[in-house]
Amino acid sequence: MNKIGIIGAMETEVTVLKETMRVDRVVTKAGMNFYEGMLKGTPAVVVRSGIGKVNAAMCVQILADLFEVTHIINTGIAGSLNADLDIGEILISEKAIQHDMDVTIFGYAPGQVPGFDSREFKADTAMADAAVAACRRVNPDINVVKGCVVSGDQFISSAEVKERLIKEFHGDCAEMEGASIAQAATLNGLPFVVIRAISDKADGSAEMDYPTFENQAAEHCAKMVLELAGSF
């Protein structure tokens, strides 16, 4: 039977999910509270990982080892790197790249993790397609596209940095967890998808836009994750 692990970095990204699910037990591990139970008829574990790549990767490993999940969904918010992707709209990962990984001096591509043939971690195609369909059912007025998530341990609020991420990685959105979740899921043989609602434009306006639209963006994500969970 399928069992999905659902990760959000912040409490706003998982509150609705925890309130909706039937919680059978709560397990605390590495400072994270794992809520295990049933979500829309599907066995699930919902957890707030905390912000950043290390927290996110640790969370995946615990979900794999302790809870034996079969699929990983990462839900959350991000800054747009795509001029056609506006605040409130949703991006579904086709791939994820760590933009702050740099061992180019040894001949690796920017963003490539040593030991991997590519810098891109590919999302599960079936999960990505199902996420798009779920979004269109519950958020019919919201634009949803597939694309590239770029992750690093920094909040992007500089037009100069934004342009570099677009030019170097062809990223569609920037955030702080998705690619590390993708790497950890890949290493554990777990199909995954990263879902991001846009909270800001990852430029000089990000500092103002992010707190204004954070909750709205997280709500859009939660609605579609609930719908997606019911399809497993």
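Sequence positions, counted from 1, serve as the residue numbers for this chain.
Rounded to the nearest 0.5 Å, atoms CD (Glu19) and CG (Leu17) are 9.5 Å apart. Summarising the geometry, atom CG belonging to Leu226 is positioned 11.5 Å from atom OG belonging to Ser231; distances are rounded to the nearest 0.5 Å. Here the straight-line distance linking atom CD1 of Ile77 with atom CG of Leu91 works out to 14.0 Å at 0.5 Å rounding. Put simply, CG on Leu81 and NE2 on His99 are 8.5 Å apart, with the number rounded to the nearest 0.5 Å. In this structure, SG on Cys148 lies 12.0 Å from CZ on Phe121, to the nearest 0.5 angstrom. Taken to the nearest 0.5 Å, the CE atom of Met58 stands 11.5 Å off from the OG atom of Ser180.
Note: the hydrophobic cluster containing Val225 does not contain Ile7 (ILVMFWY, side chain heavy atoms under 4.5 Å, direct or indirect links). Hydrophobic clustering (side-chain heavy atoms under 4.5 Å, transitive across Ile, Leu, Val, Met, Phe, Trp, Tyr) keeps Val26 apart from Val45. With hydrophobic clusters built from ILVMFWY side chains whose heavy atoms lie under 4.5 angstrom apart, Val54 shares a cluster with Leu187. In terms of hydrophobic clustering, with Ile, Leu, Val, Met, Phe, Trp and Tyr side chains grouped at heavy-atom distances under 4.5 Å, Leu85 and Ile142 are assigned to different clusters. Met10 and Met224 fall into different hydrophobic clusters, where Ile, Leu, Val, Met, Phe, Trp and Tyr residues are linked whenever their side-chain heavy atoms come under 4.5 Å apart, directly or through other members.
A side-chain N or O of Ser151 and one of Glu175 form a donor-acceptor pair less than 3.5 Å apart. Side-chain atoms of Ser80 and Asn82 form no donor-acceptor pair, as typed in the model, at a separation below 3.5 Å.
In this structure, Val47 and Val14 approach most closely via the heavy-atom pair O-CG1, 3.7 Å. Closest approach of Gly37 and Met21 over heavy atoms only: N-CE, 3.5 Å. The shortest heavy-atom contact between Asp172 and Gly147 is OD2-CA, 3.2 Å.
Side-chain N or O atoms of Glu163 include none that pairs as donor or acceptor with a backbone N or O of Glu160 at under 3.5 Å. In terms of modelled atom types and a separation under 3.5 Å, the side chain of Ser158 and the main chain of Val161 share a donor-acceptor contact. Not a single donor-acceptor pair under 3.5 Å links the side chain of Asn188 to the backbone N or O of Leu190.
Within the structure, ring pair (Phe, Tyr, Trp, His ring centres under 6.0 Å) contacts touching residues 11-32 (residues at least two apart or in different chains) do not occur. Applying the salt bridge (charged side-chain N to carboxylate O under 4.0 Å, His left out) test to every pair with at least one member in residues 24-36, sequence neighbours left out, gives these pairs: Lys3-Glu36, Arg22-Asp24, Arg25-Glu36. Here salt bridge (charged side-chain N to carboxylate O under 4.0 Å, His left out) pairs that include residues 50-59, with residues two or more places apart or in two chains, are Lys53-Asp100. Sorted pairs that involve residues 183-192 and meet salt bridge (charged side-chain N to carboxylate O under 4.0 Å, His left out), not counting sequence neighbours, are lacking altogether. Judged as a ring pair (Phe, Tyr, Trp, His ring centres under 6.0 Å), not a single pair has a partner in residues 157-180 (not counting sequence neighbours). Judged as a ring pair (Phe, Tyr, Trp, His ring centres under 6.0 Å), the pairs with a partner in residues 50-91 (not counting sequence neighbours) are, in order, Phe34-Phe67, His71-Phe232. Pairs passing the side-chain hydrogen bond (donor to acceptor under 3.5 Å, both in side chains) check and including a residue from residues 38-51, sequence neighbours excluded, read Glu11-Arg48.
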Output side-chain donor-acceptor pairs under 3.5 Å for residues 109-118, partner residues at least two apart or in another chain, one line each.
residue : atom : partner : partner atom : Å
Gln112  : OE1  : Ala109  : N            : 3.1
Gln112  : NE2  : Phe116  : O            : 2.7
Ser118  : OG   : Glu120  : N            : 3.0

Only distances under 3.5 Å count here; give the side-chain donor-acceptor pairs of residues 126-137 to other protein atoms, sequence neighbours excluded, each with its distance to 0.1 Å.
residue : atom : partner : partner atom : Å
Asp129  : OD1  : Lys146  : NZ           : 2.2
Arg137  : NE   : Glu227  : OE2          : 2.7
Arg137  : NH2  : Glu227  : OE2          : 3.3

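Judged as a ring-ring contact (aromatic ring centres under 6.0 Å, His included), and not counting sequence neighbours, Tyr108 has no contacts. For the ring-ring contact (aromatic ring centres under 6.0 Å, His included) test, no residue two or more places apart in sequence or in another chain qualifies with Tyr35. With sequence neighbours left out, Asp86 forms a salt bridge (Lys or Arg N to Asp or Glu O under 4.0 Å) with Lys201.
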(request) Tell me, with the steps shown, if Gln98 and Gln183 meet side chain to side chain contact (heavy atoms under 4.5 Å, CB included). (result) CA-CA 9 Å; Gln98 295 182 49; Gln183 179 180 342; 2.6 Å; yes
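Between Val194 and the choices Val149, Ile92, Ile73, Ile72, the side chain to side chain contact (heavy atoms under 4.5 Å, CB included) rule is met once, by Val149.
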